[in-house]
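All heavy atoms count here, side chains included; hydrogens, waters and symmetry mates do not. All of these numbers come straight from a predicted model, not from anything done at the bench.
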Amino acid sequence: MAVPHADRGSVEGRRSETGRRRFLLPSLMFTALTVSVVSTLGAPMVPTVAREQHVSLSAAQWMLTATLLAGAVAGPVLGRLGDGPRRRGAIQGALASVLAGSVLAAAAPGFAWLLVGRVLQGVGMGLLPLAISVAREHLPADRMRSGIASLSVTTSVGAGIGYPLTGVIAQHLDYRAGFWFAALLSGLALVVVGWVVPVGSSNPRRPLDVTGAALLCSGLALILLALSQGMAWGPASAATLGCLGGGTVVLVVWAVQALRTPSPLVDIRLVRNRAVLAANATALLTGIGMFGVLSLVNLYTQVPSGSGYGFDLSLTATGLVLLPISLGSLTANRAASALVSRFGPYKVLPVGSLVVTADLLMLALWRDHVAVLALGTFLLGAGVGAAYAVMPLLIVRHVPPSETASATSFNQVLRTVGGSVGSAAVSAVLLAHTPPGGNVPEGSAYTTALLVTAGAAFLGFVVAVVLPPGRRSAAAAVEPVVTRRPARQARTAEVTSGIVRRDPRR
């Protein structure tokens, strides 16, 4: 019997929807990975841009600072927009900004326009929390946990891919080719998101806390500006101290405002939960170790011959030394999923910080061979990958679905702040150990910098061990999210968010 035309359309629609859902997680991972790779298009190309744009190295360094500041400012706002029916529009808007910024940076007639392009690219750094929010709501319960973990490690995987890629571009091609490549990636991601990501969200629309957004973004921008430019301005300069002090005051005002407003940009009450606090504190401290190693390995491998240390490698070879971070992150992601199923996320989180600490200590004591540096970046990826895979799982367990993107965006911002602190600490140590009038620091500077960042990573391990609640507290922590709803709705919410209170390890 022939199928009526209307029924055939309905069947085809359901098949199309099923196909889109099958590609949802790969599409989200591609989008997050694209943004991560694009955000790394800067560090290896700073000398090339300085030379071709006829600016100083310190001025060219703003390629990194501008992207960092834009990501910190855009992250919390995108996180709040992602917790409502405007989610797909927010993702598309951020990707459109990355695309426009890539094209502008590639075609920029001058350095000022290049910086504007990098600012637009930085908006995409706030996309990961939105991808995690989509995964929490739309992935099946049996794939939700592993999907969120996979999304979270795209930060370190993208860094491992981005550094060698930009190294090849900077050494063999015009730097503009790197930005045209970023435009291609972001354009593809924009098309994929429009086809795969569902429209809207089941979470109700909430007003955007404009006052809170202005306060949080201003405070973060001032602190990140001081951290990233403090060495150029001088650690004790009025500009550095003024930005640090002003940023701190603004953030305190923001915290007070967030506690008083009915719909805050970031719900401080949820952030104070011990498990969420552990994830956020570990993100900050692990970020210090991660970006410390990336900076130090990048510099150490390129130290010229005759300095008594280093390997005088090309940009391409240096990128290949950093590539194992991606392999380590992917390996750790699989291992972390298995360990979380067996032991729970509370026991896996400190393992990641401990691996990063051991890696930093190893490199501080032994780095005389390129193979050791490659092993160090692999272990860094493994430690960071394990920690980053668990952090969003802890947050998802302890916040309601309507706060997923907002809470995870705050965690992402803290990773960025940690990276800025790590980079600033490395710069300060290297500068302190550089002879007057010289350009190359003493070899002991790297040992000191690695030990300092190892101390931060170890503090992250201590926090991850001490802060998370016990099993009974962890099980009870999600009760307020569901106890006000009927039993059937509460059970549905548990399945949707991947929370099963009978076994708190899951």
Under 3.5 Å: donor-acceptor pair, side chain of [X], backbone of [Y]:
X	Y	result
S353	A457	no
R269	L259	yes
S218	L215	no
R80	D209	no
S152	I148	no
S406	L265	yes
T240	W233	no

### Query
Could you give all pairs that pass the ring pair (Phe, Tyr, Trp, His ring centres under 6.0 Å) test and reach residues 429-459, with sequence neighbours left out?
Y300-Y446, Y309-Y446, F458-F461
### Task
Could you list the residues that satisfy side chain to side chain donor-acceptor pair (under 3.5 Å) with T318, not counting sequence neighbours?
T301
### Task
Check the pair L128, T408 against side chain to side chain contact (heavy atoms under 4.5 Å, CB included), reporting the backbone distance first and the verdict last.
CA-CA 8 Å; L128 179 59; T408 50; over 6 Å; no
Throw together a table of side-chain donor-acceptor distances under 3.5 angstrom for residues 104-113, partners on residues two or more places apart or in other chains.
none

#### Entry: Spacing of OG belonging to S409 relative to CG belonging to L81, to within rounding of 0.5 Å
10.0 Å
### Task
For R415, check salt bridge (charged side-chain N to carboxylate O under 4.0 Å, His left out) against everything at least two apart and list the hits.
none
Taking only distance into account, with no hydrogens and no angle test, what donor-acceptor pairs under 3.5 Å do side-chain atoms of residues 330-339 form with protein atoms, sequence neighbours excluded?
from: T331; atom 1: OG1; to: L327; atom 2: O; distance (Å): 2.8
from: N333; atom 1: ND2; to: S150; atom 2: OG; distance (Å): 3.1
from: S337; atom 1: OG; to: N333; atom 2: O; distance (Å): 3.1

### Query
Looking at L373, L380, L294, which one forms a side chain to side chain contact (heavy atoms under 4.5 Å, CB included) with L322?
L294
#### Entry: From L320, V321, N298, residue fulfilling side chain to side chain contact (heavy atoms under 4.5 Å, CB included) relative to L313
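It is V321, the one option of L320, V321, N298 that forms the side chain to side chain contact (heavy atoms under 4.5 Å, CB included) with L313.
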### Message
Going by the rule side-chain contact (heavy atoms from CB on, under 4.5 Å), which residues pair with T248 if we only count those two or more places apart in sequence or in a different chain?
### Response
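Once residues adjacent in sequence are excluded, the partners of T248 under the side-chain contact (heavy atoms from CB on, under 4.5 Å) criterion are I223.
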### Task
Please lay out, stage by stage, how L349 and M391 fare under the test side chain to side chain contact (heavy atoms under 4.5 Å, CB included).
CA-CA 7 Å; L349 182 62; M391 288 174 192; 4.1 Å; yes
Could you check if a side-chain atom of [X] sits within less than 4.5 angstrom of a side-chain atom of [Y], using non-hydrogen atoms only?
X	Y	answer
L365	L450	no
R145	L393	yes
R397	Y346	yes
F410	D267	no

